Amino acid sequence: MMRKNILVIGGTGLVGKVILRILEARNPDYNLFVGSRQLGKTANDLVIDVTNPVTFDCIVHNKIDLIVLCTKDSGNEILQFAIKNKLGYIDITKPTPDLTVAYDLTKANEQKIESQIVFSSGWMGGIVGSLIDFMESDKLKIHEANIYIYYSVKDLAGKSSANFLAENVCKPFVVYKNNKPQQVKHFLNSEKFNFSFGIGKRQTYNLDVPDLFILNQIEKISTVSVKMTYNSKLVTSLMGYFQSLKIFNIMFLRERQLLFSSSGNGDQTIFEVIIKTQDKTKRVSLQSIKGQAELTAFSTVLHIEKMLNETLASGIYFSHQMHSSQEVYEALNNYSTINLKITE
Ligand SMILES: NC(=O)c1ccc[n+]([C@@H]2O[C@H](COP(=O)([O-])OP(=O)(O)OC[C@H]3O[C@@H](n4cnc5c(N)ncnc54)[C@H](OP(=O)(O)O)[C@@H]3O)[C@@H](O)[C@H]2O)c1
């Protein structure tokens with residue numbers, strides 16, 4: 001069999017590097033390429049600027065089979081290139097507004113799609129869908145899904161990650177209640193939540209993640225919400241005050257970028273998903289000791305392996321739609337730095 005050629009664009013960034021590390025350790029037979037705007041040292045380092053399609057020629061020259069997109073491609077240049085050249089594509093970078101644009105664009109070209117186009121921008125590389133599926137495979141039975149995120153400012157965060165909140169914190173976004181879209185804002189509508197893994201009770205606040213769109217519009221769960229807390233209670237309540245007093249509105253973008261750009265030396269990340277059916281409430285709790293980059297990268301690697309190893313048909317996927325949820329659950333559960341538990 002021919003070796004598979006995989007290109008990670010943004011492969012020199014925080015998440016891209018970890019994806020490459022885990023891919024290499026688990027699949028020595030893959031031929032890995034690194035794409036970024038910087039000239040690298042080896043023939044497997046490709047100079048690619050996602051905003052400049054002229055730089056994409058090297059993707060064809062090097063016979064890339066699959067592109068992993070780990071840098072924001074607002075113009076969807078790489079997506080269109082992958083569709084046109086029939087290359088596998090997986091993207092972990094799109095905030096909700098960008099995801100809906102990319103999804104609509106892809107749907108409009110559905111007839112022309114002869115490769116796997118995978119959207120994996122949901123929380124932590126899009127594993128929430130699989131975890132929900134594992135708890136209750138009949139989605140029609142689920143009338144509510146609530147995600148709670150524990151976000152440590154001491155965790156490692158790439159430069160690009162700060163931009164989403166900086167750019168969007170003042171803009172309203174949509175959550176779903178009984179299938180009715182409701183406009184909310186980040187850091188408002190606080191709710192107390194009792195986190196597992198020794199964290200305890202915290203105030204949690206609205207956060208826009210693509211799972212809102214995916215779980216309601218694609219999975220048809222009628223009520224979906226996402227709330228987050230920072231590791232520091234002080235920081236969390238300050239963000240709440242800033243939003244309710246409209247302080248974010250009078251800040252410059254540059255100032256908001258500084259505010260949201262904290263990155264430490266590494267810390268754990270936790271998230272929990274509560275689903276409600278007619279007669280039951282179930283909860284899945286996930287802790288990644290090594291933090292967000294490791295968890296996102298590991299789930300992305302599971303998706304890549306699925307795209308390459310199985311006889312997965314061409315088409316458009318949200319990453320959880322490719323998997324058996326049992327397999328994803330077991331892979332996460334067996335990973336040394338991930339703790340998982342399900343309670344009823
Ligand atoms: N779905 C999830 O759960 C999840 C979780 C974490 C992060 N993310 C997303 O993943 C992305 C990467 O995050 P990160 O923390 O790894 O960021 P990062 O450390 O800032 O890395 C960004 C990478 O992209 C490259 N890059 C920047 N602009 C580029 C361009 N125009 N063309 C080609 N390459 C370019 C950078 O290299 P050069 O500057 O040298 O070009 C670098 O390799 C972000 O969009 C983030 O929001 C998603």
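All values below were derived from every heavy atom in this structure, side-chain atoms included, with hydrogens, water molecules and symmetry-related copies excluded. Here, residue 1 is the first one in the sequence, and each next residue gets the next number. Since the model is a prediction, treat every value here as computed from it, not as a measurement. Whatever order the structure lists ligands and atoms in, that order sets their numbers, starting from 1.
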Next on the checklist: Does Lys154 have more than 12 heavy atoms from other residues, nucleotides or ligands lying within 6.0 Å of its NZ?
Outcome noted: no
When distances are taken from atom 46 (C) of ligand 1, the protein heavy atom at minimum range is Ser161 OG, 3.9 Å
Check: of Ala293, Gly126, Gly125, min heavy-atom distance to atom 3 (O) of ligand 1 comes from Gly125
the protein heavy atom lying closest to atom 31 (N) of ligand 1 turns out to be Asp49 OD1, 2.9 Å
Thr71 heavy atoms within 4.0 Å reach ligand 1 at atoms 24 (O), 25 (C), 26 (N), 27 (C), 28 (N), 29 (C), 33 (C), 34 (N), 35 (C)
In ligand 1, the atoms that come under 4.0 Å of a heavy atom of Gly10 are 23 (C), 24 (O), 25 (C), 43 (O)
Practice item. Report yes if some N/O of Ile92 lies less than 3.5 Å from some N/O of ligand 1; otherwise report no. Key: yes
All heavy atoms of Ile113 vs all of Ile316, minimum pair found to be CD1-CG1, 3.9 Å
- Query: Would you say ligand 1 has an N or O under 3.5 Å from any N or O of Thr51?
  - Reply: no
re atom 29 (C) of ligand 1, the protein heavy-atom contact at minimum distance is Arg37 NE, 3.4 Å
If we number the atoms of ligand 1 from 1 as shown, the ones under 4.0 Å from a heavy atom of Gly122 are 1 (N), 2 (C), 3 (O)
Of Val34, Asp49, Leu46, Ile67, the one forming a side-chain contact (heavy atoms from CB on, under 4.5 Å) with Ile9 is Ile67
Members sharing Tyr148's hydrophobic cluster, built from side-chain contacts under 4.5 Å between Ile, Leu, Val, Met, Phe, Trp and Tyr, are Tyr150, Phe193, Phe195, Phe197, Ile199, Ile270, Ile274
**Asked** Between Val50 and ligand 1, is there a nitrogen or oxygen pair with a distance under 3.5 Å?
**Response** yes
Do Phe187 and Phe248 make a side-chain contact, defined as non-hydrogen atoms from C-beta onward lying under 4.5 Å apart? yes
| said: I'd like to know whether Ile117 forms a side-chain contact (heavy atoms from CB on, under 4.5 Å) with Tyr317, so could you lay out the CA-CA distance, the side-chain angles of the two residues, the decisive distance to 0.1 Å, and finally the verdict. | reply: CA-CA 6 Å; Ile117 302 296; Tyr317 298 88; over 6 Å; no
for atom 40 (O) of ligand 1, nearest protein heavy atom and its distance come out as Gln38 OE1, 3.4 Å
The atoms of ligand 1 lying under 4.0 Å from a heavy atom of Met124, numbered in the order shown, are 3 (O)
Taking Lys107 first and then Asp104, would you say they form a salt bridge - that is, a charged N and a carboxylate O separated by under 4.0 Å?
no
Asn265 atom CG, neighbour heavy-atom count above 12 within 6.0 Å: no
Quick note on ligand 1: atoms under 4.0 Å from a heavy atom of Thr296 include exactly 2 (C), 3 (O), 4 (C), 5 (C)
Note: ligand 1 atoms sitting under 4.0 Å from heavy atoms of Thr93 are 10 (O), 11 (C), 45 (O)
Please say whether Ala157 places an N or O atom under 3.5 Å from an N or O atom belonging to ligand 1. no
When distances are taken from atom 21 (O) of ligand 1, the protein heavy atom at minimum range is Gly13 CA, 3.2 Å
The closest protein heavy-atom partner of atom 12 (C) of ligand 1 is Cys70 O, 3.1 Å
If you scan protein heavy atoms around atom 20 (O) of ligand 1, the nearest is Ser160 OG, 2.6 Å
What I want to find out is whether Lys276 reaches Glu136 closely enough, with some N-O distance under 4.0 Å, to be called a salt bridge. no
In ligand 1, the atoms that come under 4.0 Å of a heavy atom of Thr12 are 37 (O), 42 (C), 43 (O)
Of all protein heavy atoms, the one nearest atom 7 (C) of ligand 1 is Val15 CG2, 3.8 Å
So, Asn31 versus Asn44: side-chain donor-acceptor pair below 3.5 Å or not?
yes
Taking only non-hydrogen atoms of Ser121 and a 4.0 Å limit, the atoms of ligand 1 in range are 1 (N)
Quick check on the 6.0 Å ring-centre criterion: do Phe173 and His186 meet it? yes
Tightest non-hydrogen contact, residues Asn339 and Ile289, listed as ND2-CD1, 3.8 Å
* To do: Could you label the plane-to-plane angle of the Tyr103 and Phe318 rings as parallel, tilted or perpendicular, counting under 30° as parallel and over 60° as perpendicular?
  => tilted
